[in-house]
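Per chain, numbering begins at 1; letters A, B, ... match sequence-line order.
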2 protein chains.
Amino acid sequence: MAPTSKTNRVTIKTVAADAGVSVAAVSKVLRDAYGVSDALRARVQASMEKLNYRPHAGARAMRGRTYTLGILLPDMRNPFFADILAGVNEALERTQYQTMIGVSRSAETIEMSLIDSMIDRQMDGLIMIGPRMPPETAEAVSTRIPTAVVGYHVPQLATLDTANNDDVAGAAQVVRHLATNGYRRITMVTLAVPTKNVVVTVQRERGYREAMKERGLAQHINIVPADQTAREVQTAVRHLLESRHRPEALFCWTDMVALHALSVAKDLGLSVPGDLAIVGYDNTIYCDLAQNSLTSVDQSGQVLGLQAARLLIERIDGRQQGDHFVVSPRLVVRGSSRPRPS
Amino acid sequence: MAPTSKTNRVTIKTVAADAGVSVAAVSKVLRDAYGVSDALRARVQASMEKLNYRPHAGARAMRGRTYTLGILLPDMRNPFFADILAGVNEALERTQYQTMIGVSRSAETIEMSLIDSMIDRQMDGLIMIGPRMPPETAEAVSTRIPTAVVGYHVPQLATLDTANNDDVAGAAQVVRHLATNGYRRITMVTLAVPTKNVVVTVQRERGYREAMKERGLAQHINIVPADQTAREVQTAVRHLLESRHRPEALFCWTDMVALHALSVAKDLGLSVPGDLAIVGYDNTIYCDLAQNSLTSVDQSGQVLGLQAARLLIERIDGRQQGDHFVVSPRLVVRGSSRPRPS
DNA sequence: CTGATCGTGTAGAACGGTATACGTAGAACG
DNA sequence: CGTTCTACGTATACCGTTCTACACGATCAG
């Protein structure tokens, strides 16, 4: 038996009685609704304070808003997501909204079941971060609940809002930087997902491809997919670095992969960047550690999170057309991609 | 206006009508309650399936359970917490329970407001991970909502359950290992928090102190506090490594600190472990990367999470006495603490 | 002076479930 | 054969809010 301690919960009725007004009046004060005098408001607020009243979210969910936003995260391990969350929190600081996080472990089935349970819990809106679902599904979701999405390219949709960095440009910057520093055999390590244009990795692959052609390196284009797990990544990279035509540089779709690549390189006795340059994406805190000194693309996760939250609230408040925020990525050069000794 | 689309929501009434039974009967099936025949159950379940019915969490919260557990996390950046979450998820896989995560950013005020909002949302129970609050507060929380806590030492309390590793033993293992490998000036880098015995860091400090004395190194005992932020940690470590009597080894209370220490050491041109041994705690995924090769203490986050979830559900189901799970930590030796060259 | 308008507050029906109390039919029992 | 028990279902009060409809007094326009 869950001890709901029904004995003496302070409800809206208690407050109303204490303040000597009707329940409806208290509700109005709570919702900041029209038709309350300053005097009444003050009286009610004093009572709420005194009784330490807190509205019951479940009851609220029956009719109105819950003032809770759901956040869908692919995994807990990527520190980049922490930046995004920080931005979301910043945006919500001055509002009534709270967040609840769900972790999908990058599986579409878990993703969908989490979305369902967020809807069951009457979340007012949903922020999805790098979802795995196809765009039709995303659109379907957005018709059921106001939705904003980070790291997912669907600028054509009007039913949901997006916040992205320009992944094509970011990847292109990486390639140009490496090419300028004398690297030619640049291989990209990407994520093994069904090729859908909406996913950030596919956008980065495009940027990589285009920039390689632009620099006359088309014959060196090589995109290697690897799964999310540490083992998969390491075996893929190891295989690559032990091959006869070892790449001169690796462009990894995310920092975590780049860190694994650094590890494998070190294991194989290769020096970075002497024998191999490595570049990541996201510019997470680990890049700056001296033992990594990893060149990476900063896509301002905090800004993305902040904008996504802002857009979502606008939409909850009634906006109908899609709004799509884009930030320019910025290459942060560190030791792992210093000019190639000729 | 949030589109609550009241038009055609499938409720328990719809299901009851479709199955040709009463609302109460459907509710019984939902709750797996006593007094339903197999035939009725089957019929109702078929209807629910057909109509794609999903119970409304808010409505449920008014009287019964929400089947949702709140999880309180100090921060998103420590990968150790991902292990714990994995364990919790594992434990809940076969149950009806779902989780909602809140991040307190290590601030007691945020912590308390998150707890309040979890209670407002009628969570059936709460798992707190490494909370910052004093034990009296934790006890107060546990009287309001069934609570299990990970990484928080309050074995004397009966109102809440705990899952811990033996932090004293873990720290002692580190010191003994370093001492055996020839290190004498072993300094501990800990977290700057008000000294409360319940916190893991304080327990680890105790283990460090005891083991140092045991090995006759009492005169080298040195515990340096540093805040959670990257900058604070780095300046503290830098100050330490530039001092006249530079320590021979650093025992860091968590891996993140150890990684920063590695970075500072590399910056200062110190070789690890040649000039300085470094040991962390938690054995997170980063320890195993070759560029870190960090000796660390494994406290099986997954097991802790799993046990915490198990204990919490037991308590929700009515257990009154406290249950306290303890796992033995295991030292994982890597390159950063190899024997000292004499 | 009359009716309309405005500002403020109240009453009470939802909302979608849960849980209690109770009805009923058939079986078991003496 | 009457009584009690058991198994299964139903009717309905209730949970704590929101929100629509409306009441009421004061002010204002004509």
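With hydrogens and angles ignored, a donor-acceptor pair under 3.5 angstrom links the side chain of A:K28 to the base of C:dG9. Scanning atom types as modelled, one donor and one acceptor separated by under 3.5 angstrom connect the side chain of B:R63 and the base of C:dT18.
Phosphate proximity of D:dT18 to A:S27: present, with a side-chain N or O under 4.0 Å from OP1 or OP2. At C:dG16, none of the side-chain N or O atoms of B:T11 fall inside 4.0 Å of OP1 or OP2 (strictly under the cut-off). In this structure, B:R31 reaches the C:dA19 phosphate: one of its side-chain N or O atoms is under 4.0 Å from OP1 or OP2. The phosphate of D:dT18 (OP1 or OP2) has no side-chain N or O of A:R65 nearer than 4.0 angstrom. For the OP1/OP2 pair of D:dT17 and a distance below 4.0 Å, the side-chain nitrogens and oxygens of A:Y53 include at least one atom meeting the criterion.
Pairing for D:dC28 goes to C:dG3, judged as Watson-Crick or G-U wobble with the two contacts each under 3.5 Å. Base pairing analysis places C:dC15 opposite D:dG16; the two distances defining the Watson-Crick or G-U wobble pair are each below 3.5 Å.
Between B:D124 and B:R315, none of the side-chain N atoms (NZ, or NE/NH1/NH2) sits under 4.0 Å from a carboxylate O, so this pair counts as no salt bridge. By the 4.0 Å N-to-carboxylate-O rule, B:R144 lies close enough to B:D116 to be salt-bridged with it. Using a cutoff of 4.0 Å between basic side-chain nitrogens and carboxylate oxygens, B:R105 and B:D75 are not scored as salt-bridged.
With rounding to whole Å, B:H56 atom NE2 is found 13 Å from C:dA14 atom C1'. For the pair B:D38 CG and D:dC8 C1', the interatomic distance rounds to 12 Å; values are reported in whole Å. D:dC19 atom P lies 13 Å from atom CG of A:D32, rounded to whole Å. Residue B:K13 contributes atom NZ, which lies 13 Å from atom P of C:dT18 at whole-angstrom precision. Spacing between atom CZ of A:R121 and atom C1' of C:dG16 amounts to 15 Å, rounded to whole angstrom units. Between A:Q96 atom CD and D:dT17 atom P there is a gap of 14 Å when expressed in whole angstrom units. If you take CG of B:L30 and C1' of C:dA19, they are 14 Å apart, rounded to a whole angstrom. Per the geometry, CE belonging to A:M48 stands 17 Å off P belonging to D:dG16, to the nearest Å.
Using a distance-only test at 3.5 Å, with no hydrogens or angles considered, no donor-acceptor pair links the side chain of A:N164 to the main chain of A:V326. Using a distance-only test at 3.5 Å, with no hydrogens or angles considered, no donor-acceptor pair links the side chain of A:D83 to the main chain of A:Q302.
Within 4.0 Å (heavy atoms only), B:V26 reaches no atom of the nucleic acid at all. Note on A:S37: only backbone sugar-phosphate atoms sit closer than 4.0 angstrom, heavy atoms only; bases stay farther off. Using a 4.0 Å heavy-atom cutoff across all strands shown, A:R41 reaches no nucleic acid atom at all.
Sequence order on DNA chain C of the closest nucleotides to A:A25 and A:Y34 puts A:Y34 first from the 5' end. Comparing B:R43 and B:M62 by the nucleotide of DNA chain D whose heavy atom lies nearest to each, the residue mapping closer to the 5' end is B:R43. Annotation: of the two residues near DNA chain D, A:G58 and B:A39, the 5′-most nearest-nucleotide partner is B:A39.
Side chains of B:S142 and B:T147: no donor on one and acceptor on the other come within 3.5 Å.
When distances are taken from the side chain of A:I12 to each of D:dC19, C:dT18, D:dT17, the shortest belongs to D:dT17. When the nucleotides C:dA14, C:dG7, D:dT10 are ranked by their closest atom to the side chain of B:A24, D:dT10 comes out on top. The nucleotide whose nearest atom lies closest to any side-chain atom of A:V23 is, among D:dG16, D:dT18, C:dT18, D:dT18.
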